Q: 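I'd like to ask some things about the structure below.
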Number of protein chains: 4
Amino acid sequence: MQKIRVAIVGPTGYTAYESIRILLRHPQAQLTVLASRRDPQPHIADIFPALRGMIDLRCEPIDPEAIAQKADVALMCLPHVVAMESVPCFLNAGMKVVDLSADYRLRNPADYQQWYKHEHVDAKNLARAVFGLPEFYRQQVRKADLVANPGCYPTASILGIAPFVKRGLVDPADLIVSAASGVSGAGKEARPEHHFPERNETFEAYGVGTHRHAIEIQRTLEDIAGASLNLTFVPHLVPMHRGILATIILKPTQPITADQALAILAEQYKDEPFVRVRKDLPSTKDVALTNFCDLTARIVSGKLVVLSAIDNLIKGASGQAIQNMNLQFGLPETAGLLC
Amino acid sequence: MQKIRVAIVGPTGYTAYESIRILLRHPQAQLTVLASRRDPQPHIADIFPALRGMIDLRCEPIDPEAIAQKADVALMCLPHVVAMESVPCFLNAGMKVVDLSADYRLRNPADYQQWYKHEHVDAKNLARAVFGLPEFYRQQVRKADLVANPGCYPTASILGIAPFVKRGLVDPADLIVSAASGVSGAGKEARPEHHFPERNETFEAYGVGTHRHAIEIQRTLEDIAGASLNLTFVPHLVPMHRGILATIILKPTQPITADQALAILAEQYKDEPFVRVRKDLPSTKDVALTNFCDLTARIVSGKLVVLSAIDNLIKGASGQAIQNMNLQFGLPETAGLLC
Amino acid sequence: MQKIRVAIVGPTGYTAYESIRILLRHPQAQLTVLASRRDPQPHIADIFPALRGMIDLRCEPIDPEAIAQKADVALMCLPHVVAMESVPCFLNAGMKVVDLSADYRLRNPADYQQWYKHEHVDAKNLARAVFGLPEFYRQQVRKADLVANPGCYPTASILGIAPFVKRGLVDPADLIVSAASGVSGAGKEARPEHHFPERNETFEAYGVGTHRHAIEIQRTLEDIAGASLNLTFVPHLVPMHRGILATIILKPTQPITADQALAILAEQYKDEPFVRVRKDLPSTKDVALTNFCDLTARIVSGKLVVLSAIDNLIKGASGQAIQNMNLQFGLPETAGLLC
Amino acid sequence: MQKIRVAIVGPTGYTAYESIRILLRHPQAQLTVLASRRDPQPHIADIFPALRGMIDLRCEPIDPEAIAQKADVALMCLPHVVAMESVPCFLNAGMKVVDLSADYRLRNPADYQQWYKHEHVDAKNLARAVFGLPEFYRQQVRKADLVANPGCYPTASILGIAPFVKRGLVDPADLIVSAASGVSGAGKEARPEHHFPERNETFEAYGVGTHRHAIEIQRTLEDIAGASLNLTFVPHLVPMHRGILATIILKPTQPITADQALAILAEQYKDEPFVRVRKDLPSTKDVALTNFCDLTARIVSGKLVVLSAIDNLIKGASGQAIQNMNLQFGLPETAGLLC
């Protein structure tokens, strides 16, 4: 059987790196193109010395027509705004696209404008993009040319909240997510606040009230629940490389026990290959380097507490992107992702 | 002027170590006794090699009468249950006591029984113990023979919540604290879950619904607010040595802006030497190795978010203990604690 | 083509975990048995929650005859001494064995007795065991029923030193290795000195003059060089999970430049799939989660400095074990190991 | 008694921060001036939020004449090259100076030129500067107007090597230092290689053959030993904030036991308040936040291995600077430094 040919566009950041590592172990996909804005074009091993001896590819310019000759799908690892300038060209060239940026995640261009402070320039494709959270949009992803790969906090948060808002079991006006991420979530660019001696041995909140994933979580849950809702989202940084834990606090609309809450999670995800409902408390270590989301539920002082752990770079980015790609191409959904 | 003479009882754990370090720089107090249950009695430098050359004291048995000849005050760094077996003897021997254990923090013995699974055996002293949070109980601490030094999460949480519940500005039935601590909070004893390769590079919740600091926070806030309240407390572990950040989410009873909330914090703590109200977001690094509590406030989706950072071992334990000791003896409250 | 069937004996430690993860992505091998000394036998997902959903195997007793019905090869992940009690049984049952313990690494039982303080009880198989460092013993490994998988420090050290001692380019009486390892090298058992708050944010030497890998490095290099030699080995612990860097300092017998030294490394390893000779300095991060050894060379004040980095759990343990297994069964040497 | 008045020049880096913290607990010195090149001049609490509430000083321009009215001594925390442009002015204004930069550490301007790639512009003061390692230059420091505060690696290395080279017990042509430092040693400026996700969980050598501390160690030891010598120096970076461990490997000129080596260290440092000779192995944690250097010795395969641990920011920088200042002003050498 012929392998799916994959191009990675924007190959120098952390999500590109993780995508490459996963593709190297994917039995039915092959990385054929790395396309970069850099000039001159680097060999991938010069960007990531870890990859030398594993992959021998030099980057090439972002020329969708040329790339379409060599690849069936583009994993877009470009920054937001830059992504939506390229995505239409890849689609027009006949390729499928999984976009890891935020550019196609918000269905309403006004939301994009408000939170990303930039006009959306590809309304046409935005209208047909599918939010790539397979646990809730699997059928649409299968048929999608363009998948908007979810953000890391949204993946962890939505998987923990959606089963309850969907069933009307919690007050949609009172959703709280206190979440914490490893520092790779901030990207590869050095910044003073992420200088090792500043970032090590400290814990703090950031982007309180301004983090762009808040609107992504809210809108997606509204879509799933079919109702408007109110979300308080507080992200934090943990001195570690990878991982997200979302601590979700919900207000039950009727009395519910922890066992009942666990049963609802189990029911919701009973056929899901990448969601693990646990009785004990999840940790980011248990999901590190995997595409799993680990979930549990507790009742504390009458509130429903859901804990949701993912690897921000895998289920929160590259792993989910390849899960989506698998769906788009009719491959086994778990190909490359259970090892 | 004669220095206050201090005994540390239970000198082998992290809070004892931090107390020793602070006392070494205290201009008006002198560490004269280290009393331990160990046999044979170790030199303190054998327990903490870091202290060699800084202090030359060998531990001695826990003999309150003998210790009372050499010390004016006992900082009790024993485990709970063990502490309340010794505290009465030190009081009877005429010493003042600051107890860093949990034994005298809960005024109601039934709470103690329920949460610590052990009958309280010193009801008499429990009745007169003062909860040593100077920002709310300063006058009582000044006159107290026995101070119950607050827990780390309670210190951070109460300082962030009390100004608002006290003023009736938030719904007392809907208090949420999602907090995170460095691993020193778990104590010095090695346990499988804190083995370095297991604890490093991971973030997780623990003690959800069962952590004993929940009742301590609740009862103290009820005392301050003069009303019963409902608290949801979710603690987490951060792969770092020290520090606590409490992310507090409150429901305003009437519309409030972030500036108004900051003004309330500033008003509440305007004369406090160890509370710093900030406009930017606090981090545990900024309070590490200090007795400060850093606070800020934000409004997110209608909720009042208060962030409160302390060093769990200093303001959350040993620093606050010495702040209390200073008050008990009429010393400047900040002696030894602003350097 | 039928897959090689693999048993892991002693499945609860870190090397077993890494072996399982590698086998999950191995295209020509299948994990069929996990054999443990525990009673009752746990499901592997109860030991490593991270593996739930990836592998569904319950441990079974260590019964070589029974296991031989289901597996072609045993990866022995037992502690030393325990390993050599089981290995003969697996060989007798007709299986091939890769032993990850130290029991068959020292050809001379007297060395074993001296360094491991225990008599060697399987001299017969010791005599025919092959030291599984493919870069120097590939042909022997191909034919070996029993492979003694090298230790982590020995792998990093020997790969860096051997090319030079073999060619007589350095003084064999003056070999120095100052090496540093992540804490996973100390194993999974919690010990006070590896309690997170004690191990984090510190760097120190350990086992100076007593670490058992010293004799393993020395004897192997003597075998490769055909001459006796003198080694000074100083290991250190780094507050990180995985990785070893060996800083090797050698005394050239004749003037040599860095370029010449690099050329010798390049020549020695030109056909090796898992040795990468670099011009820049290697880091443990670049080899983390891979089976690579990264090497470079410098001249400093007349000394030849060789830097050698591996992942202690992969090339220093489980990855190399599977590399050896691949060789024993005539599979592509890199199968499962370049992804 | 009147306190010594101290100015810190260049107050925004890590060594300035540590100096401030130490001065806050110094009973006989007072920080009166912070002088910066910035414009506008920041309040120190805006640079280091941790200091708010502990010190209330705004920075002022670097005007030596004006500063000399308010301070008796300048702790120069400026970068090299910049320092030597200011130092003469402070001396001319009648102040004593402790320079924490490298500008006055190398007696021979040619060495400076070669290693720092910059001509030395203050030969006059270079000629009278004293290398501020009190353990070997105490009498000179007492009388010095200008002290060149040693580098961090040099402090740890020289204290470990000097007792042996001075006594002719080791081959001066064969000195090896493999040392490792916390990341604060790289300074406060964010650089891609110290971005948290790049620097965390990795260990590597850097500056092999080029690190400028090599010549500082060599020249100082030559001065102490009265003979030329040859040093191989290999520095490494550890993923932690602070601390240096120097692993020193020496070739005895005659047989020596570990006990004899320890006795020599003990004899050398018997009156030193900040050198602790230990029988067990030192760790950087034990000296963290102190001005101590912990030393031990071992014999391994005929080599003398000396292990030397300091806090790079304290004994390796700010603590030693204040130790030198104490000596310059006739204060107790340990003032402010044993707590």
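As the structure is a prediction and not an experimental result, all values here were calculated from the model.
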Q: Among C/Leu51, C/Ile20, C/Leu24, which residue forms the greatest number of heavy-atom pairs with chain A at distances under 4.5 Å?
A: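 Maximum pair count with chain A is reached by C/Leu24.
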
Q: Quick check on A/Asn200 against chain C: is it the side chain, the backbone, both or neither that has a heavy atom closer than 4.5 Å?
A: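 Just the side chain, heavy atoms under 4.5 Å.
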
Q: Report the option among A/Gly336, A/Gly53, A/Cys339 that has the most heavy-atom pairs separated by less than 4.5 Å from atoms of chain C.
A: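 Most heavy-atom pairs under 4.5 Å with chain C: A/Cys339.
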
Q: Under 4.5 Å, counting heavy-atom pairs only, tell me which of C/Arg21, C/Arg52, C/His26 racks up the most with chain A.
A: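 So the answer, after comparing C/Arg21, C/Arg52, C/His26, is C/Arg52.
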
Q: Distance-only, no hydrogens or angles: does the A/Arg276 side chain make a donor-acceptor pair with backbone N or O of C/Ala50 under 3.5 Å?
A: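 A pair under 3.5 Å: yes.
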
Q: Under 4.5 Å, heavy atom to heavy atom: which of residues 279-292 of chain A reach chain C? Give them by number, or say none.
A: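 The list, in residue order, reads A/Lys285, A/Asp286, A/Ala288, A/Leu289, A/Thr290, A/Phe292.
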
Q: Indicate the atoms forming the closest heavy-atom contact of A/Arg278 with C/Pro49, along with that distance.
A: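 Of all heavy-atom pairs spanning A/Arg278 and C/Pro49, the closest is NH2-CB, 3.7 Å.
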
